[in-house]
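See below for the structure under consideration.
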Amino acid sequence: MADNKVSAKLSSADREAVMQAITTICEKLPFLIDLTTEERKALPKLGDKSRAFVSKALEIGTQNPDFLPRSFDLNEMRQDIELFEALYPILLSLTQLQELVDDTSVAVGSEAYAAGLMIYNYAKASGKGSGLDSMVDDLGRRFARKAKKVQPQSSLR
């Protein structure tokens, strides 16, 4: 096998510890919500460029509350900003971790698949008559192509 990027084991104890850590994270963030795709699209987004705008708006609202309607809750706005700021570094860390886990999973999956292909090709080339024929045929089903349905041609000209 030419390019083995990852050679590691994950013990069941370590896997369980990671899963428990994820459970702990979820328990510490009980207010997390799950938005639908439509809800996500409909919401205005607070990104890096808008953070200064929101901070200045809060400052203006705090210094000049008289022009705001009575129903406007500056404390709730402040709490939302504080929660956003607290979640932001967590989001960055989890995004980086998710990318690392995803990349590692793709790499080891690719390595395993490439190794499987090598075994299949070796067995196909040298396994004839050694009792491997049915197993090679079984592996070969992975590559079987389904016949395309022929569309009837209309006879209108």
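Numbering of residues begins at 1 and proceeds along the displayed sequence. Scope of the values below: all heavy atoms of this structure, side chains included, with no hydrogens, waters or symmetry mates.
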Is the backbone of [Y] close enough, under 3.5 Å, to the side chain of [X] for a donor and an acceptor to pair up by distance?
X	Y	result
Lys45	Arg40	yes
Thr36	Glu39	yes
Thr24	Gln20	yes

Could you see if [X] belongs to whatever hydrophobic cluster contains [Y]? Use Ile, Leu, Val, Met, Phe, Trp, Tyr and a side-chain cutoff under 4.5 Å.
X	Y	result
Tyr113	Met135	yes
Phe53	Met77	yes
Leu68	Ile60	yes

Contact between [X] and [Y] at the side-chain level, heavy atoms closer than 4.5 Å - yes or no?
X	Y	result
Phe31	Leu83	yes
Ile81	Leu46	no
Phe67	Asn64	yes

What's in the same ILVMFWY side-chain cluster as Val106, cut-off under 4.5 Å, chained through other members?
none
Under the 4.5 Å side-chain heavy-atom rule for ILVMFWY, direct or indirect, which residues accompany Leu35?
Ile33, Leu43
Could you tell me which non-hydrogen atom of Lys5 sits nearest to which non-hydrogen atom of Glu111, and how far apart they are?
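Here Lys5 and Glu111 meet closest at N-OE2, 2.5 Å.
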Return the minimal non-hydrogen interatomic distance between Val136 and Ala123, and the atom names on each side.
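For Val136 and Ala123, the tightest heavy-atom pair comes out as CG2-CB, 3.6 Å.
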Applying side-chain contact (heavy atoms from CB on, under 4.5 Å), run through Leu29 and Leu87 and close with a yes or a no.
CA-CA 10 Å; Leu29 304 172; Leu87 287 173; 4.3 Å; yes
Pairwise distance [atom1]([X]) to [atom2]([Y]) - rounded to 0.5 angstrom:
X	Y	atom1	atom2	value
Ile90	Lys28	CD1	NZ	12.0 Å
Ser12	Met19	OG	CE	13.0 Å
Leu117	Ser110	CG	OG	9.5 Å
Asp48	Tyr88	CG	OH	3.5 Å
Gln79	Leu74	CD	CG	13.0 Å
Leu94	Glu99	CG	CD	11.5 Å

Would you please name every residue forming a salt bridge (charged side-chain N to carboxylate O under 4.0 Å, His left out) with Asp14, sequence neighbours left out?
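Salt bridge (charged side-chain N to carboxylate O under 4.0 Å, His left out) check on Asp14 returns nothing, list empty.
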Are there over 12 heavy-atom neighbours, none belonging to Gln96, within less than 6.0 Å of that residue's CD?
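It does not: Gln96 CD has 12 such atoms or fewer within range.
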Any residue meeting ring-ring contact (aromatic ring centres under 6.0 Å, His included) with Phe72, in chain and number order, not counting sequence neighbours:
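Phe72 satisfies ring-ring contact (aromatic ring centres under 6.0 Å, His included) with no other residue.
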Set of side chain to side chain donor-acceptor pair (under 3.5 Å) partners for Asp138, sequence neighbours left out:
Arg141
Quick one: side chain to side chain donor-acceptor pair (under 3.5 Å) partners of Asn75, sequence neighbours excluded?
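Checked Asn75 against side chain to side chain donor-acceptor pair (under 3.5 Å); matches are Arg78.
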